[in-house]
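A short worksheet on the structure shown next.
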Amino acid sequence: MRTRPLKVALLGCGVVGSEVARIMTTHADDLTARIGAPVELAGVAVRRPSKVRAGIDPALVTTDATALVKRGDIDVVVEVIGGIEPARTLITTAFEHGASVVSANKALLAQDGAALHAAAVEHGKDLYYEAAVAGAIPLIRPLRESLAGDKINRVMGIVNGTTNFILDKMDSTGAGYQEALDEATALGYAEADPTADVEAFDAAAKAAILAGIAFHTRVRLDDVYREGMTEVTAADFASAKGMGCTIKLLAICERAADGGSVTARVHPAMIPLTHPLASVRGAYNAVFVESEAAGQLMFYGPGAGGAPTASAVLGDLVAVCRNRLGGATGPGDSAYAQLPVSPMGEVVTRYHISLDVADKPGVLAQVATVFAEHGVSIDTVRQSGKDGEASLVVVTHRASDASLAGTVEALRGLDTVRGVSSIMRVEGE
């Protein structure tokens, strides 16, 4: 066993970074045995050096992250500061000065993953990022390695714990969106500004990463259709229950039936209670993978938090250190397929549409005619009402997003349709 330690630079020492440092210290002997050499925390870059950090030698703390990654004796840089800059520059600088990188930075990888992978290859270094998607759940490595010989057709999952907690509360208690969000904030599941979570920016970045790996195609954040969950109501959950469904914010990456293109999208969707993802509760994550040879696989576990995310970071650290000792690098960017990413208008799925209509004869016939004229087949219709007003709930067979949009625009032009109260996709058939 090598006695000279592998030196690790830690960029960021917040919730995740502090857990990484703690595990490196408390599990030092185990890590040494698993890697084949000791690992040493050689420096910690932070913004506020005066803050007390339990278990970390103050002599290791610095505010000069650039100088830390340029030292030349650093073997691995662990980046957990997040954001685009200075993380991007620090990672590329680390490669240039001989270090491999472990990152949890989903936003950066979704935006500039191709450039980062290219920089890693140029300098013969590793770029690992298991912690960027779904916290502690081993997902990226199974997609990139275990299923490398298979053909993945679909990846669908719950990849944001905050939104799942909110939707689960709305489903189980009948709470409204704001009430459920307030509880999530009080319990620490939601940030003071929850926009990245509830407007699905976080999930969209993860979808871009998953789609790229699954389909060997470069998928950027801008390629992902994104729809937040702030408009989901208690009435939507009541409608879902009437169909034997619940509502989840889903990241869906799929290969077209002809194999010639892919799509990546994030949005709320009704999902049957019989589907495995319907039973994912609280702040947990789960991802459902469908491939040709392996069939259906599901990955489930805590998707956020300091310790779970640090677990994924340490798993990558062990792998990268082993590669370092062996003089090799692990699997990198695989984008040989270069499949086009289809726009959302071409996505085909089922839809649940709630209409407020006049309660008088002929309304249903008018509505059905509009659907038929736009080539959208109706699966079921449910109507209720009194005193001249009614509610009409239509569930379609599979239709494209573009054809459904045209249908809804035409429905709004009918004098018997007072309004469209909700439109939601139905997934997981």
Side-chain angles (χ1 to χ4, degrees), residues 166-167 169-180 198 225-250 252 265 267-275 278 343-429:
I166 293 169
L167 292 173
K169 278 295 174 183
M170 293 177 70
D171 184 30
S172 60
T173 68
Y177 165 76
Q178 189 60 51
E179 182 182 351
V198 300
Y225 172 82
R226 178 190 56 80
E227 182 181 321
M229 49 157 283
T230 57
E231 300 301 318
V232 177
T233 66
D236 291 326
F237 274 101
S239 292
K241 288 180 179 180
M243 294 174 56
C245 294
T246 188
I247 299 171
K248 299 292 186 182
L249 183 75
L250 298 178
I252 304 171
R265 51 196 166 101
H267 53 71
M270 293 183 180
I271 187 168
L273 294 174
T274 53
H275 194 282
M344 187 62 186
E346 297 178 13
V347 170
V348 175
T349 188
R350 296 174 68 206
Y351 290 87
H352 174 282
I353 305 103
S354 295
L355 305 172
D356 298 321
V357 300
D359 188 14
K360 63 182 184 180
V363 173
L364 181 56
Q366 283 186 324
V367 169
T369 298
V370 169
F371 276 88
E373 289 174 346
H374 288 80
V376 179
S377 176
I378 294 175
D379 182 16
T380 62
V381 177
R382 186 171 70 251
Q383 185 173 8
S384 61
K386 60 181 180 179
D387 300 328
E389 298 296 329
S391 174
L392 195 64
V393 175
V394 179
V395 179
T396 75
H397 287 291
R398 293 175 65 83
S400 72
D401 192 77
S403 63
L404 195 282
T407 303
V408 171
E409 183 178 357
L411 287 171
R412 289 190 168 114
L414 296 177
D415 58 7
T416 53
V417 175
R418 310 294 193 227
V420 181
S421 54
S422 75
I423 303 171
M424 191 168 294
R425 297 168 184 85
V426 182
E427 301 286 348
E429 298 173 73

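Heavy-atom minimum distance, Met170 versus Ala180: CG-CB, 3.9 Å. Between Ala234 and Gly174, the shortest heavy-atom distance links the atoms CB-O, 4.3 Å. Residue Cys245 comes nearest to Met270 through the heavy atom pair CB-CB, 4.2 Å, listed as atom of the first residue, atom of the second, then distance. Between Gly345 and Ser400, the closest heavy-atom pair is O-CB, 3.6 Å. For the residue pair Ala358 and Val363, the shortest heavy atom distance occurs at O-CG2, 3.2 Å. Nearest heavy-atom pair, Gly428 versus His275, reported as atom, atom and distance to 0.1 Å: O-CD2, 3.6 Å.
With a 4.5 Å cut-off on side-chain heavy atoms, Thr416 and Val357 do not count as touching. Side-chain atoms of Glu231 and Asp236, non-hydrogen and from C-beta on, never get closer than 4.5 Å to each other. For the pair Gln366 and Val370, the minimum side-chain heavy-atom distance is 4.5 Å or more. A heavy-atom distance below 4.5 Å is not found between the side chains of Tyr177 and Val232. No side-chain heavy atom of Thr407 sits under 4.5 Å from any side-chain heavy atom of Tyr351. Side-chain contact between Lys241 and Leu273: absent, with no pair of heavy atoms (C-beta onward) separated by less than 4.5 Å. The shortest distance between side-chain heavy atoms of Ile353 and Leu404 falls below 4.5 Å. Put simply, the side chain of Val420 reaches to within 4.5 Å of the side chain of Leu355, judged on heavy atoms.
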- Message: side-chain contact (heavy atoms from CB on, under 4.5 Å), that's the test. Do Leu411 and Val367 meet it? Break it down for me.
- Response: CA-CA 7 Å; Leu411 287 171; Val367 169; 4.0 Å; yes
- Message: Checking Val395 against Arg382 for the side-chain contact (heavy atoms from CB on, under 4.5 Å) test, could you report, in this order, the C-alpha distance in whole Å, the side-chain angles of both residues, the deciding distance, and whether it holds?
- Response: CA-CA 9 Å; Val395 179; Arg382 186 171 70 251; over 6 Å; no
- Are His267 and Glu427 close enough, and set up right, to give a side-chain contact (heavy atoms from CB on, under 4.5 Å), and what steps lead you there? CA-CA 11 Å; His267 53 71; Glu427 301 286 348; 3.8 Å; yes
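Atoms CD1 and OG1, on Ile378 and Thr396 in that order, are 8.5 Å from each other to the nearest 0.5 Å. Atoms OG1 and CD, from Thr369 and Glu373 in turn, are 6.0 Å apart once rounded to the nearest 0.5 Å. Between Glu227 atom CD and Met344 atom CE the span is 7.5 Å, to the nearest 0.5 Å. Going from atom NE2 of His397 over to atom CZ of Arg350 covers 8.0 Å, rounded to the nearest 0.5 Å. Distance check, rounded to the nearest 0.5 Å: CG of Leu250 to CZ of Arg425 gives 11.0 Å. Rounded to the nearest 0.5 angstrom, Ser354 OG and Met424 CE are separated by 9.0 Å.
In this structure a side-chain-to-backbone donor-acceptor pair under 3.5 Å is present from Arg398 to Val348. Side chain of Thr246 to main chain of Ala240: no donor-acceptor pair is present (N/O by atom type, distance under 3.5 Å, no hydrogens or angles).
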